[in-house]
Amino acid sequence: MALIVQKYGGTSVGSIEKIMAVAKRVVEYYEQGNEMVVVLSAMAGQTDSLIKLAYDMSDSPDPRELDVIMSTGEQVSVGLFSMAIKSLGYDATSLLGFQASINTDNLYGKSRILDIKTDRIMKELKDNRIVAVAGFQGIDDRGNITTLGRGGSDTTAVALAAALKADVCEIFTDVEGVYTTDPNICPKARKLDVMSYDEMLEMASLGAKVLHIRSVEFAKKYNVPIHVRSTFSKERGTMVVAETEDMEKVVVSGVAYNKNEARITIRKVPDHPGIASRIFEPIFESGVVVDVIVQNTSEDGFTDLTFTVPKPDFHSALKQVGVIAKEIGAEKVLGDEDISKVSVIGVGMRSHAGVAQKMFKTLAQENINIMMISTSEIKVSCVIEEKYTELAVRVLHEAFGLDDE
Ligand code: ASP
Ligand code: MG
């Protein structure tokens, strides 16, 4: 007998029929003697519709009320699911975030889970019920409803698995698992059987939208094994687990890309102490995540500075930088939105040399110009022209031996 936390995403519970299919699947596990805690997302499209409603009422919805509205999608799902379970002759209880004591901080729209009191869930399990918990929501210390950020139901599930000391956390979704790269642009992408938390964090932060990033951070911190798998098949998916020695044998385990960044260059910046801090301070203060930063060596006391920001922040960042550039006497500011970042990822890089060189060579063979480079222990990223993204992903996937034969 095991304690299993399962999470089903929006497309998995997108209709009455699908909710019934999920209920049947959960009952099978229950029949095998497992204790079942099931976290559900809102039915597909519901969260978007709810947000739209709020914006129909106001151009800048009150953050507290927006969370009150957004969190209702999951409430419907757990209610319908519990009804489905009961119609199959079993007992279920639906719990909203506050009823399951999912305590968060008070950052509406992007709250973090602080702790979970498991008494209520444990009691329900002890009474042989299947427990359905609304994903994506919690309660702050003043009793306000909060939400965890889009895609946050994954984090609810992993946090519950950690708090309940579950044997496994299964994330059911509409794909078979995590792939070596995006199968939509590289038909030879392969499903990974296993990967480390760190690799998943890199893949997730680069736009492989399989798991909510916070859920992986949580899983890593509390060592919760995550099984990402399909709702629509019985195949095993991808296990996301702590790093093992075996994983180091594979040099590169995935190729990721991100088209959602833009580049800002400041030409001829006077090169003296304090300048970088002057330039970046207002950008950081407005909460913009600056990614790759490159500064040239200075010539005659001037240098060029280039960095990337998320595309939605591009115009405001460009404006801010323009003002500072004038103040500090830089020559000019240039912006480029048509870029993308391609990365090769793998814990095996730590023990293998030459990954960066192979990446540069592979891109060069296709005549793809590298504009910026950044590296970490388990990743090499290159910023290139956006129109070459698909080509770059495919040739790198092949060069690093990831193609499905
Ligand atoms: N329903 C929420 C969203 O669409 C949370 C989730 O699905 O994980 O972002
Ligand atoms: Mg999701």
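For ligands, and for the atoms within them, numbers begin at 1 and follow the listed sequence.
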For residues 356-368, please give each side-chain donor-acceptor pair under 3.5 Å, one per line with the distance, not counting sequence neighbours.
unit_1 : atom_1 : unit_2 : atom_2 : d
Lys358 : NZ     : Ala399 : O      : 3.1
Thr362 : OG1    : Lys358 : O      : 2.6

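In this view, Lys332 satisfies the salt bridge (charged side-chain N to carboxylate O under 4.0 Å, His left out) rule with no residue, not counting sequence neighbours.
At the top of the distance list for atom 6 (C) of ligand 1, counting protein heavy atoms only, stands Ser153 OG, 3.3 Å.
Between Phe172 and Tyr8, the ring-plane angle classifies as parallel under the 30° and 60° cut-offs.
Remark: of the listed residues Val26, Thr231, Val168, Val22, Val26 is the sole one forming a side-chain contact (heavy atoms from CB on, under 4.5 Å) with Gln6.
For Gly73, the closest heavy-atom approach to ligand 1 does not fall below 4.0 Å. In this structure, Gly9 does not count as a contact residue of ligand 1, since none of its heavy atoms falls inside 4.0 Å of the ligand.
Those atoms of ligand 1 with a heavy atom of Arg150 less than 4.0 angstrom away are 3 (C), 4 (O), 9 (O). Near Ser41, the atoms of ligand 1 lying under 4.0 angstrom from a non-hydrogen atom of the residue are 6 (C), 7 (O), 8 (O).
In this model, no donor atom of one side chain and acceptor atom of the other lie less than 3.5 Å apart for Thr147 and Gln137.
Taking SG from Cys169 and CG from Leu164, the interatomic distance works out to 10.0 Å, rounded to the nearest 0.5 Å.
The shortest N/O to N/O separation between Gly151 and ligand 1 falls below 3.5 Å.
Contacts of Glu74 with ligand 1, taken as heavy-atom pairs under 4.0 Å, involve the side chain alone.
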